[in-house]
Amino acid sequence: MENFSIKLFICFSAKDRYDIVQPVVYHLKNYDIHVWYDRYEMVMGDDRIEKNLGDGAKRCRYALIILSANTISSLCATEEIKILESRYNRGEVVIFPVLYELEPSNIPPEFGWIKKLIFKEVDRATGTLEICNHIACRITQDMLSCCKYRTIKEIAYADLPLPKSVSTLLNKYIQIDYANLNSRVAVLYAIYVIIAESCDLTMVPLCEVPTNVFERLFAETLLNLTVDYRELWLLENSLCILVNYYCTYCTESKI
(Lines give C-alpha, C1' and ligand atoms only; values in the text may rest on other atoms or scores of the structure.)
Protein backbone atom coordinates (compact mmCIF):
# COMPACT_ATOMS: atom_id res chain seq x y z
CA MET A 1 0.00 0.00 0.00
CA GLU A 2 2.96 2.33 0.60
CA ASN A 3 3.53 2.43 -3.19
CA PHE A 4 -0.09 3.28 -3.96
CA SER A 5 -0.29 6.28 -6.28
CA ILE A 6 -3.27 8.62 -6.35
CA LYS A 7 -1.90 11.04 -8.94
CA LEU A 8 -4.65 12.23 -11.28
CA PHE A 9 -4.08 13.75 -14.70
CA ILE A 10 -6.59 16.32 -15.99
CA CYS A 11 -7.22 16.46 -19.73
CA PHE A 12 -9.04 19.60 -20.86
CA SER A 13 -9.10 22.56 -23.21
CA ALA A 14 -7.50 25.75 -21.94
CA LYS A 15 -10.71 27.54 -22.95
CA ASP A 16 -12.57 25.66 -20.20
CA ARG A 17 -9.99 26.32 -17.50
CA TYR A 18 -11.85 28.93 -15.46
CA ASP A 19 -15.40 27.67 -15.96
CA ILE A 20 -14.91 24.09 -14.77
CA VAL A 21 -11.28 23.00 -14.42
CA GLN A 22 -10.26 25.38 -11.63
CA PRO A 23 -13.31 24.53 -9.45
CA VAL A 24 -12.66 20.81 -9.91
CA VAL A 25 -8.98 21.22 -8.97
CA TYR A 26 -10.02 23.21 -5.88
CA HIS A 27 -12.19 20.38 -4.55
CA LEU A 28 -9.67 17.68 -5.43
CA LYS A 29 -6.89 19.55 -3.60
CA ASN A 30 -9.16 19.92 -0.57
CA TYR A 31 -9.40 16.12 -0.49
CA ASP A 32 -5.60 16.01 -0.85
CA ILE A 33 -5.85 14.10 -4.11
CA HIS A 34 -2.60 14.68 -5.97
CA VAL A 35 -3.43 16.40 -9.25
CA TRP A 36 -1.22 16.56 -12.36
CA TYR A 37 -2.35 19.99 -13.48
CA ASP A 38 -0.35 21.98 -16.03
CA ARG A 39 -0.27 25.12 -13.87
CA TYR A 40 1.24 23.13 -11.01
CA GLU A 41 3.65 21.02 -13.02
CA MET A 42 4.91 23.14 -15.93
CA VAL A 43 6.71 26.43 -16.42
CA MET A 44 7.68 28.43 -19.49
CA GLY A 45 10.35 26.66 -21.46
CA ASP A 46 9.34 23.10 -20.50
CA ASP A 47 9.05 20.52 -23.25
CA ARG A 48 5.29 19.97 -23.62
CA ILE A 49 5.62 16.41 -24.92
CA GLU A 50 8.05 15.40 -22.20
CA LYS A 51 6.14 17.02 -19.34
CA ASN A 52 2.44 17.12 -20.22
CA LEU A 53 2.29 13.91 -22.21
CA GLY A 54 5.22 11.97 -20.78
CA ASP A 55 4.83 12.74 -17.08
CA GLY A 56 1.09 13.33 -17.11
CA ALA A 57 -1.01 11.43 -19.62
CA LYS A 58 1.41 8.51 -19.93
CA ARG A 59 2.11 7.90 -16.24
CA CYS A 60 -0.72 8.92 -13.92
CA ARG A 61 -2.85 6.12 -12.51
CA TYR A 62 -6.04 8.16 -12.86
CA ALA A 63 -7.24 10.62 -15.48
CA LEU A 64 -10.12 13.07 -15.63
CA ILE A 65 -11.22 13.88 -19.17
CA ILE A 66 -13.31 17.04 -19.41
CA LEU A 67 -14.84 16.62 -22.84
CA SER A 68 -16.41 19.71 -24.41
CA ALA A 69 -16.72 21.32 -27.81
CA ASN A 70 -13.47 23.11 -26.98
CA THR A 71 -11.71 19.84 -26.08
CA ILE A 72 -12.79 18.22 -29.34
CA SER A 73 -11.26 21.08 -31.33
CA SER A 74 -8.03 21.14 -29.31
CA LEU A 75 -5.12 19.30 -30.94
CA CYS A 76 -3.28 19.03 -27.63
CA ALA A 77 -6.29 17.63 -25.75
CA THR A 78 -7.19 15.12 -28.47
CA GLU A 79 -3.58 13.92 -28.45
CA GLU A 80 -3.83 13.35 -24.70
CA ILE A 81 -7.14 11.49 -25.11
CA LYS A 82 -5.60 9.11 -27.65
CA ILE A 83 -2.82 8.30 -25.19
CA LEU A 84 -5.33 7.77 -22.39
CA GLU A 85 -7.53 5.55 -24.57
CA SER A 86 -4.54 3.34 -25.40
CA ARG A 87 -3.56 3.08 -21.73
CA TYR A 88 -7.17 2.41 -20.72
CA ASN A 89 -7.38 -0.49 -23.18
CA ARG A 90 -4.25 -1.94 -21.58
CA GLY A 91 -5.73 -1.57 -18.09
CA GLU A 92 -3.15 1.02 -17.04
CA VAL A 93 -5.36 3.95 -16.12
CA VAL A 94 -8.78 4.66 -14.62
CA ILE A 95 -10.73 7.21 -16.66
CA PHE A 96 -13.27 9.67 -15.20
CA PRO A 97 -15.21 11.20 -18.13
CA VAL A 98 -17.07 14.50 -17.72
CA LEU A 99 -19.16 15.94 -20.54
CA TYR A 100 -19.10 19.69 -20.17
CA GLU A 101 -21.98 21.40 -21.99
CA LEU A 102 -21.86 18.56 -24.51
CA GLU A 103 -24.67 16.15 -25.36
CA PRO A 104 -23.63 12.48 -25.59
CA SER A 105 -25.11 12.40 -29.10
CA ASN A 106 -22.63 15.10 -30.14
CA ILE A 107 -19.54 13.11 -29.18
CA PRO A 108 -17.50 12.43 -32.36
CA PRO A 109 -17.02 8.77 -33.36
CA GLU A 110 -13.32 8.82 -32.45
CA PHE A 111 -14.29 9.52 -28.83
CA GLY A 112 -17.22 7.11 -28.82
CA TRP A 113 -15.38 4.72 -26.48
CA ILE A 114 -15.92 7.24 -23.68
CA LYS A 115 -19.67 6.54 -23.78
CA LYS A 116 -18.95 2.96 -22.67
CA LEU A 117 -17.90 4.38 -19.31
CA ILE A 118 -20.12 5.93 -16.68
CA PHE A 119 -19.83 9.65 -17.30
CA LYS A 120 -21.11 12.83 -15.70
CA GLU A 121 -22.87 15.60 -17.63
CA VAL A 122 -22.35 19.13 -16.28
CA ASP A 123 -22.85 22.72 -17.40
CA ARG A 124 -22.09 26.21 -16.12
CA ALA A 125 -24.86 25.99 -13.53
CA THR A 126 -23.80 22.59 -12.17
CA GLY A 127 -21.60 22.26 -9.12
CA THR A 128 -18.34 20.38 -9.41
CA LEU A 129 -18.15 18.82 -5.93
CA GLU A 130 -20.17 15.80 -7.04
CA ILE A 131 -17.58 15.09 -9.73
CA CYS A 132 -14.87 15.08 -7.09
CA ASN A 133 -16.91 12.83 -4.79
CA HIS A 134 -17.16 10.27 -7.61
CA ILE A 135 -13.40 10.44 -8.10
CA ALA A 136 -12.61 10.24 -4.37
CA CYS A 137 -15.01 7.32 -3.99
CA ARG A 138 -13.20 5.30 -6.66
CA ILE A 139 -9.75 6.20 -5.34
CA THR A 140 -10.60 5.25 -1.74
CA GLN A 141 -12.17 2.02 -3.01
CA ASP A 142 -8.91 1.19 -4.79
CA MET A 143 -6.97 2.04 -1.63
CA LEU A 144 -9.20 -0.32 0.34
CA SER A 145 -8.44 -3.18 -2.05
CA CYS A 146 -4.94 -3.18 -0.51
CA CYS A 147 -6.28 -3.30 3.07
CA LYS A 148 -7.11 -6.32 5.20
CA TYR A 149 -10.47 -5.03 6.42
CA ARG A 150 -12.56 -3.54 3.64
CA THR A 151 -16.05 -3.02 5.06
CA ILE A 152 -17.59 -1.63 8.23
CA LYS A 153 -19.07 -5.04 9.05
CA GLU A 154 -15.71 -6.77 8.71
CA ILE A 155 -14.22 -4.26 11.13
CA ALA A 156 -17.15 -4.46 13.55
CA TYR A 157 -17.00 -8.27 13.72
CA ALA A 158 -13.21 -8.51 13.92
CA ASP A 159 -11.37 -8.49 17.24
CA LEU A 160 -9.35 -5.34 16.61
CA PRO A 161 -7.42 -3.22 19.13
CA LEU A 162 -9.84 -0.29 18.90
CA PRO A 163 -11.08 2.03 21.64
CA LYS A 164 -14.14 0.52 23.29
CA SER A 165 -16.28 3.49 22.25
CA VAL A 166 -15.34 2.88 18.60
CA SER A 167 -16.33 -0.78 18.81
CA THR A 168 -19.63 0.20 20.41
CA LEU A 169 -20.39 2.80 17.74
CA LEU A 170 -19.46 0.43 14.93
CA ASN A 171 -21.94 -2.13 16.20
CA LYS A 172 -24.59 0.57 16.56
CA TYR A 173 -23.84 1.79 13.06
CA ILE A 174 -24.61 -1.51 11.36
CA GLN A 175 -27.99 -1.55 13.14
CA ILE A 176 -29.09 1.82 11.71
CA ASP A 177 -31.65 1.64 8.91
CA TYR A 178 -29.90 1.75 5.52
CA ALA A 179 -32.02 4.71 4.37
CA ASN A 180 -31.25 6.82 7.46
CA LEU A 181 -28.34 8.61 5.84
CA ASN A 182 -27.96 11.54 8.23
CA SER A 183 -27.75 9.31 11.30
CA ARG A 184 -25.23 7.07 9.61
CA VAL A 185 -23.06 10.06 8.64
CA ALA A 186 -23.20 11.42 12.21
CA VAL A 187 -22.06 8.09 13.67
CA LEU A 188 -19.25 7.75 11.12
CA TYR A 189 -18.03 11.22 11.97
CA ALA A 190 -18.12 10.44 15.71
CA ILE A 191 -16.01 7.32 15.12
CA TYR A 192 -13.57 9.35 13.02
CA VAL A 193 -13.15 11.95 15.79
CA ILE A 194 -12.38 9.26 18.38
CA ILE A 195 -9.80 7.59 16.12
CA ALA A 196 -8.22 10.94 15.21
CA GLU A 197 -7.87 11.87 18.87
CA SER A 198 -6.58 8.42 19.88
CA CYS A 199 -3.76 8.19 17.37
CA ASP A 200 -2.05 10.78 15.18
CA LEU A 201 -2.40 9.43 11.66
CA THR A 202 -1.52 12.73 10.00
CA MET A 203 2.06 11.51 9.55
CA VAL A 204 0.86 8.59 7.41
CA PRO A 205 0.70 9.88 3.79
CA LEU A 206 -2.05 7.55 2.64
CA CYS A 207 -4.28 8.76 5.46
CA GLU A 208 -4.37 12.26 3.99
CA VAL A 209 -7.28 11.61 1.62
CA PRO A 210 -9.63 9.84 4.09
CA THR A 211 -8.80 12.37 6.80
CA ASN A 212 -9.55 15.30 4.51
CA VAL A 213 -12.81 13.71 3.36
CA PHE A 214 -14.08 13.94 6.94
CA GLU A 215 -12.53 17.32 7.69
CA ARG A 216 -13.91 18.99 4.57
CA LEU A 217 -17.33 17.47 5.14
CA PHE A 218 -17.52 18.98 8.60
CA ALA A 219 -15.93 22.34 7.69
CA GLU A 220 -18.29 22.93 4.79
CA THR A 221 -21.55 21.66 6.29
CA LEU A 222 -21.21 21.29 10.09
CA LEU A 223 -23.07 18.02 9.38
CA ASN A 224 -26.21 19.97 8.42
CA LEU A 225 -26.26 18.34 5.02
CA THR A 226 -28.20 16.33 2.52
CA VAL A 227 -26.17 13.30 1.50
CA ASP A 228 -26.58 10.62 -1.09
CA TYR A 229 -25.50 7.01 -1.03
CA ARG A 230 -22.29 7.72 -2.94
CA GLU A 231 -21.16 10.24 -0.33
CA LEU A 232 -21.94 7.72 2.39
CA TRP A 233 -19.95 5.13 0.46
CA LEU A 234 -17.04 7.60 0.34
CA LEU A 235 -17.19 8.14 4.11
CA GLU A 236 -17.36 4.41 4.82
CA ASN A 237 -14.34 3.81 2.58
CA SER A 238 -12.44 6.61 4.31
CA LEU A 239 -13.20 5.30 7.79
CA CYS A 240 -12.19 1.75 6.87
CA ILE A 241 -8.84 3.01 5.54
CA LEU A 242 -8.20 4.94 8.75
CA VAL A 243 -9.10 1.96 10.92
CA ASN A 244 -6.71 -0.28 8.99
CA TYR A 245 -3.88 2.18 9.52
CA TYR A 246 -4.87 2.77 13.12
CA CYS A 247 -4.47 -0.95 13.82
CA THR A 248 -1.11 -0.91 12.04
CA TYR A 249 0.44 2.19 13.64
CA CYS A 250 -1.25 2.34 17.04
CA THR A 251 -0.78 -0.09 19.89
CA GLU A 252 -3.04 -0.77 22.82
CA SER A 253 -0.75 1.35 24.97
CA LYS A 254 -1.80 4.36 22.93
CA ILE A 255 -5.52 3.68 23.34
Side-chain angles (χ1 to χ4, degrees), residues 5-31 33-42 47-142 228-231 233-234 237:
S5 171
I6 56 175
K7 196 96 177 202
L8 181 139
F9 176 75
I10 303 181
C11 171
F12 64 97
S13 165
K15 294 180 180 179
D16 298 323
R17 185 185 301 277
Y18 298 106
D19 290 333
I20 181 170
V21 180
Q22 292 280 74
V24 168
V25 170
Y26 169 80
H27 290 301
L28 290 172
K29 295 295 286 183
N30 280 341
Y31 282 161
I33 292 174
H34 302 165
V35 177
W36 204 105
Y37 180 45
D38 57 359
R39 290 216 164 157
Y40 295 159
E41 305 286 348
M42 298 173 65
D47 185 306
R48 183 184 68 83
I49 294 177
E50 178 184 352
K51 295 285 290 185
N52 199 49
L53 301 183
D55 294 345
K58 290 183 179 180
R59 293 187 182 179
C60 289
R61 179 170 182 166
Y62 301 94
L64 169 63
I65 297 177
I66 299 178
L67 195 65
S68 69
N70 292 324
T71 311
I72 292 169
S73 62
S74 167
L75 293 178
C76 179
T78 54
E79 186 177 2
E80 293 168 1
I81 292 174
K82 289 178 183 177
I83 292 172
L84 294 172
E85 179 186 9
S86 178
R87 292 188 64 214
Y88 172 77
N89 290 334
R90 296 195 301 269
E92 297 175 354
V93 64
V94 175
I95 303 291
F96 302 109
V98 171
L99 306 188
Y100 179 58
E101 298 191 332
L102 182 70
E103 295 291 332
S105 58
N106 292 331
I107 296 177
E110 59 266 34
F111 302 133
W113 64 276
I114 289 177
K115 291 192 285 187
K116 296 188 301 181
L117 307 175
I118 294 177
F119 55 82
K120 186 73 177 172
E121 296 180 66
V122 300
D123 55 33
R124 294 174 190 271
T126 306
T128 53
L129 179 57
E130 187 177 356
I131 295 171
C132 300
N133 285 341
H134 275 263
I135 293 172
C137 197
R138 173 57 191 266
I139 289 175
T140 53
Q141 192 68 26
D142 288 348
D228 61 24
Y229 288 100
R230 188 167 290 102
E231 289 173 316
W233 183 8
L234 172 59
N237 286 350

Trace of the side chain to side chain contact (heavy atoms under 4.5 Å, CB included) decision for Ile20 with Val98: CA-CA 10 Å; Ile20 181 170; Val98 171; 4.2 Å; yes

Steps toward side chain to side chain contact (heavy atoms under 4.5 Å, CB included) verdict (Ile81, Phe111): CA-CA 8 Å; Ile81 292 174; Phe111 302 133; 3.8 Å; yes

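Here the closest heavy-atom approach between residue Pro97 and residue Ile118 is recorded as CD-O, 3.4 Å.
For the atom pair CD1 (Ile114) and CD1 (Ile95), the distance works out to 8.0 Å, reported to the nearest 0.5 Å. Here the straight-line distance linking atom CZ of Arg59 with atom CD of Glu92 works out to 12.5 Å at 0.5 Å rounding. For the atom pair Ile135 CD1 and Leu64 CG, the distance stands at 4.5 Å (nearest 0.5 Å). Expressed to the nearest 0.5 Å, how far CG of Asn30 lies from SG of Cys132 amounts to 9.0 Å. One distance of note links CG of Asn89 with CH2 of Trp113; it measures 7.5 Å at 0.5 Å rounding. Taking OG from Ser13 and OH from Tyr100, the interatomic distance works out to 11.0 Å, rounded to the nearest 0.5 Å.
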Please output the side-chain donor-acceptor pairs of residues 68-78 that fall under 3.5 Å, not counting sequence neighbours, one pair per line with the distance.
{"residue": "Ser68", "atom": "OG", "partner": "Asp16", "partner atom": "OD2", "Å": "2.5"}
{"residue": "Ser68", "atom": "OG", "partner": "Asn70", "partner atom": "N", "Å": "3.2"}
{"residue": "Ser68", "atom": "OG", "partner": "Thr71", "partner atom": "N", "Å": "3.2"}
{"residue": "Ser68", "atom": "OG", "partner": "Thr71", "partner atom": "OG1", "Å": "3.1"}
{"residue": "Asn70", "atom": "ND2", "partner": "Asp16", "partner atom": "OD1", "Å": "2.8"}
{"residue": "Thr71", "atom": "OG1", "partner": "Ile66", "partner atom": "O", "Å": "2.7"}
{"residue": "Thr71", "atom": "OG1", "partner": "Ser68", "partner atom": "N", "Å": "3.2"}
{"residue": "Ser73", "atom": "OG", "partner": "Ala69", "partner atom": "O", "Å": "3.3"}
{"residue": "Ser73", "atom": "OG", "partner": "Asn70", "partner atom": "O", "Å": "3.0"}
{"residue": "Ser74", "atom": "OG", "partner": "Ala77", "partner atom": "N", "Å": "3.1"}
{"residue": "Thr78", "atom": "OG1", "partner": "Ser74", "partner atom": "O", "Å": "3.0"}
{"residue": "Thr78", "atom": "OG1", "partner": "Leu75", "partner atom": "O", "Å": "2.9"}

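Judged by distance alone, with hydrogens and angles left aside, the side-chain atoms of Arg61 form no donor-acceptor pair with the main-chain N or O of Lys7 at under 3.5 Å. Side-chain atoms of Arg87 come within 3.5 Å of backbone N or O of Ala57 as a donor-acceptor pair.
Heavy atoms of other residues, nucleotides or ligands lying less than 6.0 angstrom from NZ of Lys82 number 12 at most.
Within the 4.5 Å cutoff, side-chain heavy atoms of Leu8 are placed close to those of Phe96. Two residues are said to be in side-chain contact when any heavy atoms from C-beta on lie closer than 4.5 Å; Cys137 and Asn237 meet this criterion. Under the 4.5 Å side-chain criterion, counting only non-hydrogen atoms from C-beta, Ile131 is not in contact with Leu28. Here the side chains of Pro104 and Glu121 are in contact, with some heavy-atom distance below 4.5 Å.
By the ring pair (Phe, Tyr, Trp, His ring centres under 6.0 Å) test, Phe119 pairs with no residue at all, sequence neighbours left out.
Using a 30° and 60° split on the angle between ring planes, Trp36 and Phe9 fall in the tilted class, from 30° to 60°.
Annotation: side-chain hydrogen bond (donor to acceptor under 3.5 Å, both in side chains) contacts involving residues 124-138, sequence neighbours excluded, comprise Asp19-Arg124, Tyr31-Asn133, Glu101-Arg124, Lys120-Glu130, Asp123-Thr126, Asn133-Glu231, His134-Arg230, Arg138-Asp142.
Among Ile83, Leu84, Leu67, the one residue that satisfies the side-chain contact (heavy atoms from CB on, under 4.5 Å) test with Cys11 is Leu84.
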